Amino acid sequence: MGPRVSADEHREDPADSAGAIEVLPPEMIDQIAAGEVVERPASVVKELVENALDAGATHITVDVEEGGKRLIRVLDNGRGMSAKEAELSLRRHATSKLRSIDDLFSLSTMGFRGEALPSIAAVSNLAMITRRRDATAATRLAVQAGAIAERREVGAPVGTQIEVADLLHNVPARQKFLKGEATEASHITEAVSRLAMAHPEVHFRLRHGSRTSIDAPRAKDGLERAKKLLGARAGADLHAVEGYEQGVRVRAYLASPARAQTTARGVQLFVGRRWVRDRSLLHAVVMGYGELVPKGRYPVAVVFVDAPGERVDVNVHPQKLEVRFSDQRAVCAAVRHAVSRAVSRAPWVEGALDVGAGSLRMEPAGGGARASEMAARYAEARASALGPADRPAQGERRGLSEVAFPVAPRGEQVGPSPAEGGAPNRGVIGAGGRGGAERGRVARAPGFTPASDPVPERDHRPAENWARVTGDVASDESDTGDVPAASIDARAGEASISATGPMPASSAGFAFSDLTYLGQLERTYLVCEAAGELVLLDQHAAHERVVFERLRERYQDRKIPAQALLFPRELDLEAGERASLAEHADTLAGLGFDMDLTDEAASLRAYPADLREHELEKALSELAGDLADRGGSRAVEERSDRAIATIACHGSVRAGDQLTDGEVDALLAALDETPRRTHCPHGRPVLLRISVAEIARRFGRT
Amino acid sequence: MDIRIQKSEFLRGLRLAQNIADRKSTMPMLANVLLRASGKNELLVAATDLNISLSAELGSQNESEGGLTLGAKALYDIVASMPDDEVHLARRENNWAEIRAGKVRYRLAGMPDRDFPQVPTTDDVSFSQVSAKTLREMIDKTLFSVCSDETRFHLNGVFFESDGKTACMVSTDGHRLSKIERSLEAPALSAGIIIPKKGVAEIKRSLDGGGDACELAVQTPAQHQTPHFYLRTGTITLAVKLIESEFPPYDQVIPKENKRRATIDRGIFLDALKRAQLMSSETRGVKLALEDEKVEVAGDNPDVGEVHEELPAACEGGKLAIGFNPKYVVDLLSHMDAEQVHVELGDELDPCLIRPAEDPSYLGVVMPMRI
C-alpha cells in the first residue's frame, strides 16, 4: 500500500501518464521492496541482529533512540566484512548465505535473501563500520537515500556496527503509520527478546536511550535464558521438556498453568531458531496443557520445534514470521504430546498465599529405584528453594539440580513409572494415547541436539545415566537419615527461606494417602496434616480430576460403564441441543449415553455411571454446547476431552457436600493414582500447602 | 399455663417431636414444639416441618390451661436430664418457660403458641386398625430403594396401594425397584398414593415405639385440599403430607417371563457380592456369569485388583454375562429373609428380577450396567 502511494507522489504528470506502463526507477523499486522488510523499527532491528548472528557474533548490543525512529544502532563482535564485501552487502540480493536455490531448504542462517540491508538503506540514513579480524583498519560507509555518500578507513574493533538514523524519513506515507515511541520501543524489545530466546549462547543487550531493557549474558542453556527473559515471576517455575516424534524434535520451557494469560502472547514458538506465528502450533501447545488452562486463556510457554530442513519451508513470509511444514499434523502432534507429557507430571503447585515455592514432590512410594529418584528430587527442591537471590552462590548445587530434574529424563524414565505404564491394564493417559513402548522410544531418542541448543551436552544424556547420577545424589541424601523439607516464602519482595523440621526420608515423596485428614472446612475444603505442613484440598477440584482421568482412561478403552434406567427418562433439552447431541451420537455412545433423540424430545435409556444422576440434564445441555462449539473442525480428542471434563464435573462431589471419613480416604488414595492431580480439569489448583514454618512465622514464633 | 407431668410420659411425645421439628428451616418456629394444656389432664405436644406433623396427647395434671412453644431439642434434652420423675412446667411473662424437677430449675425462652402452624386435624378421617408388624415389614423392604435425588420428587417416596384386603408398597430410584404385597386391612384406595421418604421413616420410627396395633387413614386429594397419610399409635398421631405426582408405571418394567433363571443360596450370593464390592465401586460394576451349575461373580478395578468367585447355582435358560452395580443387588438381598433366591434374567441389557424362592409377593428389579 504505502510504496504505491509514494510511487504516485513521484509521478511528474499524472494526467499524461495515467494508464501508460513505465519501468519504475531503481530507487523506487528499493523503496517498495523496503516496504516488505522495513515495516517498523522493530523489523530493522530484527534484520540487523539476524545479520549479526549470522556473522557469528557472541555479543550483540542494540541501542535505540525514540523507539528506533531516530536511531537504531546494532553493534556486534562477529567476523566483520572487508571494504569490498561491505559495499556489496548494500546491493540487493547480494548475500553470503545462499549459493543455489536448493540451499533454501537446508538453511542454517537466519537471513538469506540479501535484501534486508539495501532495503533499509533505501529508506534511512545508514552508516556502517566493519572490520574483519585480519584487517588492520575498519571500513566506514555512509549511505544516504540508497547511494553511498562516504567511504573511508577508520579505527574500530573487530565486528560490525550499523547505525540506522531517521528511518523512513523519505517515505512520509509509511512514516505516518508508525506508532508512538513507546509502542515502537516495545516492539523492539519483543523482537530482541525473541532473538535472545533462540540464541542463549549470545550475550544480548538492548538499551532504549539510557535505559537498559534487556541484558542477557551468555547462558549455559535455553532454560537459563528463558528464565532470564521471562523474569522472576514467570521464569521461576519454568519446566523444561523435550520430545522426539516422527522426526520432529520439540524442546519447551513451560510455566505453571497458574500463569495462564488472557492473550496468546505468552506462548513463544520457534521453528529452528526462528520465532514464528503459527495458529496450529499455538493450538497444539494449548491442547498439550489440556484442561489445566481454562477455556479462553493461554499458558506461558516457550517452544522450539526442529524438523528436518526439507520438511520446513521458511520462505513463505518476507520477514520469515511464518513457516510451512510438509506435515503440519505430525509437527503439531509432536508438540502436543511433548507438552502434554510434561504437564501430566504436573511439576508445579499453585504457589498462592505463602505456600512454599518448593513444590509438590509427588511420586507414589515405589521400589528402590524410585526412592533414589525421590531423594534426588528432594535435593532439587532444596536447591530451588534457595531462590533466585541465592543463585550465584549455588555453584555445584545448581548443577546438581539441573542434572537431576529436567522433565524429559524424568517424565520419560525408561522403566515404567507407577503412575502410568506400571499398573496393569491402565491405558496411557497422555494425549494421543500412545503405548508405553513408543513412549520409551521417544524418551530414549538418542542425542537430541537441536541445532538451536548451544549447550546441550549435559541435558541430553541418555536416561540410564540420569538414574546413575541421581542415584549418587540419593545415597548422599539418605545417609543423613532425614531430609529436611525446605520451602520458600514466595511473597513478592521478601524471599525468605524456611526449613521445617526433619522428616523421614521415606516420606520425601508426597503422597496424598499419607495425609492425615483433620476435617472439612465449609464443606468445601479438606483440611489435612502432613509432616511439617498444613495441606488444604479443594474437594470438588480433587474429585473432578480423579473422575476425569478415570473416565478418560476408560473412554480410550471404550469401557465407560453405563447404568441402564428402568424408566426411559425424558430430558428437558432445547431443539438446538438435541440436534447437536444427535450429530455426535457416536461420541455420546462411547461416553456411555444411550438415548433416543427426535425432533420433539430426548429420552435417555442409559448414562455413564460416573455421572451424578441429578445433574444429567445440566451435563447433557453442557455437552451439547461443548460438541456444537467445536463442530467437526477440532480434533476428536479434544472434543471427547471436553465432554469427559463435563461429565467429570457433574460426576464429582460438589462444594457443600459433606464427606465421610471413608470418602475422604478413598479420594486421597485415588489422587495418588491420578496423573495431573495438582489441578482440576478446568485448571484450578487442587491443593494448597502451608508450611508449619510459615504458620510459626505468623504466630511470631520465629 | 402451669402443668405437672411424668417425665417418661413427657419424653414419649418429645422424643418423636424433636425428630420432626425442623431446625434448618427458615421459619424459626418450626424448630419448636407446641405445648398446649387443656382441661385438667390433657397436654398436647405437637411438632411439624409443614410436611410431617406429629401430635401427641399426653396425660398431665394441669393447674391452669394455656399454650407455649419451646425449642424442641433443648426441651427434650432438659427433660431427659431431669433427676426426678415428675416435671413441673409453667409459662412466665414474655413467653419464658420455667421447668422444674426437684431442686433443678430451668428458665427457657419460648415463643407464643398462637404463631405455631396449624397441625392437620383428624376429625373427619376414619382410621382402620392394621398390624403394625406387617406395616413395618413392608416399609423395611421398600424404603431402601427410594430415590434420594430431590429433583425427581415423584420417586422420592414409597408408592402405596390398597384394595382394603391387600396392600402393596413399591419404591424405585430409576435404577432398581422393590415391591411388596401383604394382607393388610387398610382403607381401600381408588388410586395409589406416594408417601414421602422422610415421612415413611417417621412412620417406621413411631411404629418402633408402639405395640402391635396401629391405625391408619388416608385422606386422598378428592376428599381434602392437602392429602395426608395418618398413622395413629396410641395417643400419638402422625400426619404425612403426600407427594402429589404420578408414580411411574412400575408394573410395566417388572419382567414377567424372563427366559433365564438362576436359583442361588441367598447368603452365599450376598457374601460373594460383598467380597466383589471390595474390588468394585458404584461406578464400576460387578460381573455375573451364569453357567449351568454355577454363577461366577467377578469384579475388577485397575486401581486396586480383581476378584473371582464361583457359586453353586441352578441355572436354566442358557449362559449369560451381565454387569450390575453391586450395591443394588446387595441392598435387595439384604432385605430378603429367604434361604434361596431366584434371579430371573433376560439378555445383558434387560431388567433383572430377584425374588425370594418362597415368597412370591416380594420382588426386586435391578437394571444392569453395561461394563
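Every chain is numbered from 1, with letters handed out A, B, ... down the list of sequences. Just so we're clear, the structure is a prediction, and the values are computed from it rather than from any experiment.
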_Atom pair CG (A/Leu566) and CD (B/Gln252), whose distance is rounded to the nearest 0.5 Å_ = 11.5 Å
*Heavy-atom count around B/Lys319 NZ within 6.0 Å, excluding the residue itself: above 12?*
no
*Has A/Glu574 got more than 12 heavy atoms of other residues, nucleotides or ligands less than 6.0 Å from its CD?*
no
*Where do A/Phe567 and B/Tyr250 come nearest, in terms of heavy atoms and distance?*
CE2-CA, 4.0 Å
*How about residues 171-180 of chain B versus chain A: which residues have heavy atoms under 4.5 Å apart?*
B/Thr172, B/Asp173, B/Gly174, B/His175, B/Arg176, B/Leu177
*Atom group of A/Arg605 that falls short of 4.5 Å from chain B, counting heavy atoms*: neither
*salt bridge (Lys or Arg N to Asp or Glu O under 4.0 Å) partners for B/Arg370, two or more places apart*: none
*asked:* Using a 4.5 angstrom heavy-atom cutoff, name the option from B/Gly323, B/Cys147, B/Pro248 with the most pairs to chain A.
replied: B/Pro248
*Would you say A/Tyr525 has more than 12 foreign heavy atoms packed within less than 6.0 Å of its OH?*
no
*Search all heavy atoms of A/Ala564 against all heavy atoms of B/Met367 and return the closest pair with its distance.*
O-CB, 3.2 Å
*Would you find a donor on one side and an acceptor on the other, under 3.5 Å apart, between the side chain of A/Gln563 and the backbone of B/Phe324?*
no
